[in-house]
A.B. asks: 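Below is a structure I'd like to ask you about.
We name chains A, B, ... by the order of the sequence lines, and we start the count at 1 in each one.
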Amino acid sequence: MTARNASYQPPQPAEGGSAQGGTAPSGIIEGGIAARARAAAAPPYLDGLNAEQREAVETTDGPVLVLAGAGTGKTRVLTTRIAHILATGRARPGQILAVTFTNKAAREMRSRIGALIGQSVEGMAWLGTFHSIGVKILRTHAELAGLKRDFTILDTDDQIRLLKQIIQAENIDDKRWPARQLAAHIDGWKNRGLTPDKVPQGEAYAFANGRGGELYKMYQERLRILNAVDFGDLLLETLDVLRKHPDVLEDYQRRFRYVLVDEYQDTNVVQYLWLRLLARREDGAPGNICCVGDDDQSIYGWRGADVDNILRFEKDFPGSKVIRLERNYRSKAHILAAASHLIAHNEGRLGKTLHTEDEDGEKVAVACAWDSEEEARQIGEEIERLQRKGESLDQIAILVRASFQMREFEDRFVTLGLPYRVIGGPRFYERAEIRDALAYFRVVVQPADDLAFERIVNLPRRGLGDATLKILHAYARHHSVPLTQAAAVLVETEELKPKPRTALRQVLEMFERWRGELETTAHTELAPVILDESGYTRMWLDDKSPDAPGRLENLKELVRSMEPYESMTGFLEHVSLVMDAESGEQEEKVSLMTLHSAKGLEFDTVFLPGWEEGLFPHQRALDESGKSGLEEERRLAYVGITRARQRARIWFASNRRIHGLWQSSIPSRFLDELPASSVDVVETGSVSGNWGYGASRFDNRETFSSPYDTPGWQRAQGRKASGARTSAPRLIEGEVIARSSGTASAFAKGERVFHQKFGYGRVTAIEGNKLTVDFETSGPKRVIDSFLEKH
DNA sequence: CGGAGCGGGATTTTT
DNA sequence: TCCCGCTCCG
């Protein structure tokens, strides 16, 4: 343990991330002679860890679950633990399996381990995302899965196009049974480890009158023919190989002496099965697996994550140790109190009590705006105020529940000239022009890539329309050959009309030429040549739409991004797994993102707008998943609040436009669940108080027998019991504020009415409960009848 | 082949 | 209301 320490450097203060500031607790605090003795000999990388963190680092053997609350130094523990395992000679870098969900997390871990042990971590070949490790294993044993080693990885877009082809080939109405939906089913099945033969009858029946399972099977067969896999397969097929080939499995079990898992609460069933298999010793006992996670931050249930995995850990891994990290190093006390009190309303949780030694700080502010426009305006003003006080815009974030909420903020920021960045929007590699360019590269490298070939044969237009493609498909299907090969045969026959035949021959010749040049030319030089010679660049140059220049710019950026890769193949492999591109911005900007994409980030100031029933908690989460949906929404609220270091400001608007209609809204039940003692109700002048809103709405109880007796929950139940959401009266503390008639409207054409937002007007048209009213001050608007009063 | 016009859908997102 | 994708027609 000591001999190697010399080569390791003291820990660097963690950059940004979950930096844990202040003084390091010494061994004395931990107490006990043994602890002191350990502290005396402690290697420098353990410096600054608190007792629990240190325990999590040093308990290397057997299964360990580290319950790491928000801001408790989770990444630090994970990386230090790896450094510790390496430093003490327990394993070599290649013997540690460390999995994350995102590439970003994997990158961060890699760089932090590097900083910790003061050297590069190239040896850590098995640090990566579940998917990248899946690919690695699957490529090695491709033939065991009926694949060739150079299989292609389809992204969601390819997947849907392929499914659509299958649905259409089966003469199923793809309008009634959209490929997207089938893709969602298939993903769901794969997430749960279900191969086509294992899909429960009832679920298979849910798509296309019982043909779901059959279509899934056909899809898998088609993938085999294409020598391709989708994202789900990277996990499921790998699992299948490990299950069916004990010798292969044993090989990996022996190799991975230590297994570490980040964000364990986000794992789905396949990932869980995968880990259980890999982290088992040859004698069947659970191996050295360390899962780090926080059940309170499980917000991906809707995409297959199974919170039960973390809740069940102790049962799954007998003899395991559970370590709780409860000291928060991020937020001021009031923020932490608000978040803790809120999340305590959830029933299905392991339970943690976060605490901080930091001062109280500002109370969490709750403010009300008349409508979403005013909400954006007020927040904009507050940001300018903070900016004047010297706060960095980089330290300010607005976290919304749904992306449509972003627009109003963007509009406002543009008007104010306030620099902002949207995080998590459409990603670089998902843009059409990038996907087109990549399709060209894919066909060059892999002529059998039918999906890529189809995407660009006729882009730019070459006169190779549906008719030609149909002939190609027929031939390819009949002879079981890829489309390019079918094309090569068909250009030599009379089957195609002269025009398309020449065009097709030219396309094939181009690809042949580029393929030859790939041998001699650097991929970074060839890429622009391909784009130019194919006419693809020309296509955008000739395009007069306003976004064409931007697309050309993106193409240039794409070529630039190929630089670090040694070959075209290497680059494409990277792209298929890492769908993000780093952009090096330096200007200070406010961040705008959804609550989901905020997980793992932190800011001094966090604005949380849109805390209204129906939006947050989102109605759909409640309708589709009931209580567990509500609890996941509440966890999302918890994630939101705990992003803040210094101040959190929650907003709700009394009126919001949803799908073009103005709807009145009521404050979120989550506001009821905040502790009065840590909240400040902010008077915004005009309207707060209109709702009788005040301290009485907050939760004054220290404890609750059941969280489901809060006013918010009761209200929700009352609403649910009375049927459809729009037909039930909406209540605030007993007062009816809106009533929708559902079918026939109580209003007549020409009638004079009053609306709380627009004032007086006259009804000009009626469509069910949607009325068009010509308002005296603001002109004609479409509104729901329930917000109108007769006058 | 390309543009207009229509209907349906409109949480959250990674790989 | 707004946006996307598909169909239909010239």
Side-chain angles (χ1 to χ4, degrees), chain A residues 99-106 128-135 153-161 164 168 173-176 178-181 184 187 190-191 229-236 263 266-268 270-271 298-305 399-407 423-427 429-430 432 458-468 499-500 503 574-580 593-600 610 614-625 629 632-633 635-636 639-640 656-663 770 772 781-783:
Chain A
V99 276
T100 64
F101 276 85
T102 63
N103 291 297
K104 199 176 150 214
T129 61
F130 276 100
H131 295 266
S132 69
I133 286 163
V135 180
I153 301 162
L154 303 189
D155 62 24
T156 318
D157 212 78
D158 294 328
Q159 185 191 17
I160 288 169
R161 284 192 298 142
K164 192 167 178 177
Q168 287 175 342
D173 180 5
D174 70 323
K175 268 210 147 141
R176 178 125 179 261
R180 295 206 148 270
Q181 200 187 322
D187 278 344
K190 288 185 176 178
N191 282 158
V229 296
D230 63 19
F231 286 123
D233 287 335
L234 293 179
L235 303 175
L236 186 52
E263 307 275 19
D266 288 338
T267 48
N268 59 35
V270 204
Q271 287 159 336
S298 160
I299 54 172
Y300 286 111
W302 52 274
R303 78 178 187 208
L399 313 182
V400 298
R401 176 62 182 83
S403 43
F404 75 83
Q405 291 173 264
M406 292 193 201
R407 232 187 82 177
I423 297 188
R427 286 193 308 273
Y429 290 114
E430 280 165 18
N458 200 30
L459 200 78
R461 308 267 172 212
R462 301 184 172 100
L464 298 168
D466 281 348
T468 315
K499 249 199 194 156
H574 163 84
V575 169
S576 61
L577 285 174
V578 185
M579 294 290 280
D580 61 354
M593 70 192 93
T594 62
L595 286 159
H596 282 92
S597 34
K599 193 168 77 151
L615 177 58
F616 193 37
H618 202 280
Q619 193 58 47
R620 250 173 103 161
L622 303 184
D623 291 346
E624 284 166 18
S625 317
E632 186 156 308
E633 295 286 295
R635 290 193 289 265
L636 204 47
V639 166
R656 190 172 291 276
R657 200 163 49 169
I658 292 170
H659 306 328
L661 290 173
W662 280 98
Q663 293 200 242
K770 291 172 194 125
T772 307
K781 293 260 185 312
R782 296 231 311 159
V783 294

A.B. asks: Within the distance-only criterion (no hydrogens, no angle test), does the side chain of A/Arg635 pair as donor or acceptor with the backbone N or O of A/Ser298 below 3.5 angstrom?
C.D. replies: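 Yes; at least one donor-acceptor contact below 3.5 Å.
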
A.B. asks: Considering only atom P, compute the distance from B/dT14 to C/dC3 and round it to an integer number of Å.
C.D. replies: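 To the nearest whole Å, 22 Å.
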
A.B. asks: If you compare all heavy atoms of A/Asp155 against all heavy atoms of A/Phe231, which two are closest, and at what distance to 0.1 Å?
C.D. replies: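 Heavy atoms only, the tightest pair is CA-CE1, 3.7 Å.
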
A.B. asks: Using a heavy-atom cut-off of under 4.0 Å over every strand shown, decide if A/Lys164 touches base, sugar-phosphate, or nothing.
C.D. replies: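 Sugar-phosphate contact only - A/Lys164 comes under 4.0 Å of backbone atoms but never of a base.
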
A.B. asks: Need one value for A/Ile133: base, sugar-phosphate or nothing, where a base atom within 4.0 Å counts as base even if backbone is also close, heavy atoms only.
C.D. replies: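 It contacts nothing in the nucleic acid.
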
A.B. asks: If you compare all heavy atoms of A/Leu234 against all heavy atoms of A/Val229, which two are closest, and at what distance to 0.1 Å?
C.D. replies: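 Heavy atoms only, the tightest pair is CD2-CG2, 3.7 Å.
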
A.B. asks: Looking at every heavy atom in both A/Thr468 and A/Gly463, which two are closest together, and how far apart are they?
C.D. replies: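 That would be OG1-O, 4.2 Å.
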
A.B. asks: Using a 4.0 Å cut-off on protein heavy atoms (strictly under), produce a 5'-to-3' string for nucleotides 10-15 of chain B with B for base contact, S for backbone-only sugar-phosphate contact, and - for none.
C.D. replies: BBBBBB

A.B. asks: Without decimals, in angstroms, what is the distance between A/Ile160 CD1 and C/dC6 C1'?
C.D. replies: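 Whole-Å distance recorded here is 16 Å.
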
A.B. asks: Could you give the distance separating B/dT13 and C/dC2 at their C1' atoms, to the nearest angstrom?
C.D. replies: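 23 Å, rounded to whole Å.
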
A.B. asks: My understanding is that only one of A/Arg401, A/Glu632, A/Glu624 makes a side-chain contact (heavy atoms from CB on, under 4.5 Å) with A/His618; could you say which?
C.D. replies: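 Between A/His618 and the candidates, side-chain contact (heavy atoms from CB on, under 4.5 Å) is satisfied uniquely by A/Arg401.
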
A.B. asks: For A/Asp155, which contact category applies under a 4.0 Å heavy-atom criterion: base, sugar-phosphate, or nothing?
C.D. replies: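 Nothing, no nucleic acid heavy atom in range.
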
A.B. asks: Within this structure, what is the CG-to-P distance between A/Asp466 and C/dC8, rounded to whole angstrom?
C.D. replies: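 Rounding to the nearest Å, CG of A/Asp466 and P of C/dC8 are 13 Å apart.
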
A.B. asks: Rounded to whole angstrom units, what separation is found between the CZ atom of A/Arg657 and the P atom of C/dC2?
C.D. replies: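 One finds 7 Å between P of C/dC2 and CZ of A/Arg657, rounded.
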
A.B. asks: Let me confirm one number: the OG1-CD1 distance from A/Thr100 to A/Ile133, rounded to the nearest 0.5 Å.
C.D. replies: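 A/Thr100 atom OG1 to A/Ile133 atom CD1 measures 7.5 Å (nearest 0.5 Å).
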
